[in-house]
> 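Below is a structure I'd like to ask you about.
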2 protein chains.
Amino acid sequence: MRTVVATCSVDYTGRLDAHLPLATRLLMVKADGSVLVHSDGGSYKPLNWMSPPCKVAVSAPDADAGAAGVTQVWTVQSTKGDDRLVISIHEVLHDATFDLGVDPGLVKDGVEAHLQELLAEQIDLLGPGHRLVRREFPTAIGPVDIMARDAGGASVAVEIKRRGDIDGVEQLTRYLELLNRDPLLAPVRGVFAAQEIKPQARVLATDRGIRCVVLDYNAMRGLDDPGTRLF
Amino acid sequence: MRTVVATCSVDYTGRLDAHLPLATRLLMVKADGSVLVHSDGGSYKPLNWMSPPCKVAVSAPDADAGAAGVTQVWTVQSTKGDDRLVISIHEVLHDATFDLGVDPGLVKDGVEAHLQELLAEQIDLLGPGHRLVRREFPTAIGPVDIMARDAGGASVAVEIKRRGDIDGVEQLTRYLELLNRDPLLAPVRGVFAAQEIKPQARVLATDRGIRCVVLDYNAMRGLDDPGTRLF
DNA sequence: GATTACATTTCGTGA
DNA sequence: TCACGAAGTGTAATC
């Protein structure tokens, strides 16, 4: 890992063209050759970057660039595609290299898979008398998140999202269309379950006879393991 | 902008829970208080981070942590939500602070808006005799990228994407459904135009009578300004 | 401010 | 390897 703080201008050409005017920025060169150009704000996303695999070549500026104050030019070329990042460095304020070693990696918990798991356990959140058929119910166009039957024994297909967007309703609609062709299952009702459901998604779902259920992740997690709530 | 290289372990709690075991990493603290934890590989995405607005508090470790080798603890708390990042630092290998100033920002070219602009200018790419009606043609469910009429005067609705995915076909389908209810416009045909069209999207589009057109951005740009092609 | 659509999305997972 | 779906998505434009 090499970190360089320098005044520089940056040009990217590849999937699009982008240009960064002269300013002071932090350049990161990772062990795999990837390069990140960060400013002192914004988000975790760099202003410009090059993903691995790629190669950095340092060269002297041409006459014009040198006259304009450029002292060195980094050309970061993707070894897969045509993407190229050209960093024209004027002044270097800091330059250090460190051996970080390989990172042991991240442990995550709490995403959509967990919501699905919890809803499968607490299937009566869909209404009294519901029974779980199975999670990841396979169909020709992909697995339905949860398949259940209601108190009356009718099939219920559930699509789970963290953020309930219009796309999720479209996805569930495709499943329902397919499932309702199966005489063993039909009629299949749809339930759109999410931590948060966008207004447009709710309108579209309702219009298509799909029920919307808002999931309270913390409450569900609390029911699942009351210990985690008592602190 | 402060950069710190240190051996540390990291815990995030918020929208999910995540833990990073002890290892040497680069910590970035930006002027707005946001914090990024980078390893020496992966992508431009940090292993962990905290988006602004947030506050960093440095404290001494408790007895247990101290005995385990922790020398200082950074608690990064989101000032908006409940998200929290706790960085337990063992050894600091490097610590430097720089004044980068405000970045003048990025200039981009070549995104969907530009594709739309170019296709509007070169509307005959849809076929001889096509005429542009207007860009961003308004409908109740959002604007259609381009509305045109073919040589016979029939309406053509065009959805433009950089990458033609199944979602884009669904979107265009919704527009067509709506537009075809308008007797002044109907019948409206659909054209799905993208730099790259995924096989499944093409199948779905074709099945629905939507024509697929692959756009060559470089060729279109070249036509728009021949100067840029002559080098 | 809320909502929507885009992104050099990146990143995982399963076929 | 490819394709699809999720993301602690972020971000800009639009309402």
> Could you tell me the separation between the CZ atom of Arg174(B) and the C1' atom of dT4(C), rounded to a whole number of Å?
11 Å
> How close or far is atom P of dT14(D) from atom CZ of Arg135(B), stated in whole angstroms?
11 Å
> Under the criteria of a ring-centre distance below 5.5 Å and an interplanar angle below 30°, is Tyr44(A) stacked with the base of dG10(D)?
no
> Choose from dT9(D), dT4(C), dT8(C) the nucleotide whose nearest atom is closest to any side-chain atom of Asp83(A).
dT8(C)
> Looking only at the side chains, is there a donor atom on one of His19(A) and Lys108(B) sitting less than 3.5 Å from an acceptor on the other?
no
> Heavy atoms from C-beta onward define the side chain here; which of dT8(C), dC6(C), dA6(D) lies closest to that of Tyr12(A)?
dT8(C)
> Yes or no on side-chain hydrogen bond (donor to acceptor under 3.5 Å, both in side chains) for Thr173(B) and Arg208(B), after CA distance, side-chain angles and deciding distance?
CA-CA 8 Å; Thr173(B) 303; Arg208(B) 293 181 177 173; 2.9 Å; yes
> Tell me, with the steps shown, if Tyr12(A) and Asp17(A) meet side-chain hydrogen bond (donor to acceptor under 3.5 Å, both in side chains).
CA-CA 6 Å; Tyr12(A) 165 76; Asp17(A) 295 301; over 6 Å; no
> So which nucleotide from dG10(D), dG5(D), dT8(C) ends up closest to the side chain of Ser51(B)?
dG10(D)
> How would you label the contact of Asn48(A) with the nucleic acid (heavy atoms, under 4.0 Å): base, sugar-phosphate, or nothing?
base
> Report yes if a side-chain nitrogen or oxygen of Lys45(A) is closer than 4.0 Å to either non-bridging phosphate oxygen (OP1 or OP2) of dT9(D); otherwise report no.
no
> Is the distance from OP1 or OP2 of dT9(D) to the nearest side-chain N or O of Trp49(B) less than 4.0 Å?
no
> Measure from CG on Leu106(B) to P on dA12(D) and round the result to the nearest Å.
10 Å
> Does a salt bridge link Asp145(A) with Arg135(A), judged by any charged N lying under 4.0 Å from a carboxylate O?
no
> Both Leu85(B) and Ala201(B) contact DNA chain D. Which one's nearest nucleotide lies toward the 5' end?
Ala201(B)
> Would you say the ring centroid of Tyr217(B) lies under 6.0 angstrom from that of His114(B)?
yes
> Return no unless some side-chain N or O of Arg15(B) is found under 4.0 Å from OP1 or OP2 of dT9(D).
yes
> Under 4.0 Å, counting only non-hydrogen atoms across every strand here, what does Lys161(A) touch: a base, just sugar-phosphate, or nothing?
sugar-phosphate
> When the C1' atoms of dA7(D) and dC6(C) are considered, how many whole Å apart are they?
15 Å
> Please tell me which of Asp165(B) and Arg163(A) maps to the more 5' nucleotide of DNA chain D, matching each residue to the nucleotide holding its nearest heavy atom.
Asp165(B)
> Can you see if the side chain of Ser43(A) gets near the phosphate of dT9(D) - specifically, an N or O under 4.0 Å from OP1 or OP2?
no
> How close or far is atom P of dT8(C) from atom CG of Leu36(A), stated in whole angstroms?
14 Å
> Starting at atom CD of Gln116(B), determine the distance to atom P of dA13(D), rounded to an integer number of angstrom.
14 Å
> Need one value for Met50(B): base, sugar-phosphate or nothing, where a base atom within 4.0 Å counts as base even if backbone is also close, heavy atoms only.
base
> Any side-chain N or O of Gln200(A) under 4.0 Å from OP1/OP2 of dT4(C)?
yes
> Rounded to the nearest Å, what distance is computed from the OH atom of residue Tyr175(A) to the P atom of nucleotide dC4(D)?
12 Å
> What integer distance in Å separates Ile166(A):CD1 from dC6(C):C1'?
16 Å
> With respect to the side chain of Gln171(B), which nucleotide from dA6(D), dC6(C), dT4(C) is positioned closest?
dC6(C)
> I need the CD-P distance between Glu196(A) and dT9(D), as an integer number of Å.
9 Å
> Quiz question: by atom type and distance under 3.5 Å, do the side chains of Gln195(B) and Lys161(B) form a donor-acceptor pair?
no
> For Asp167(A), which contact category applies under a 4.0 Å heavy-atom criterion: base, sugar-phosphate, or nothing?
nothing
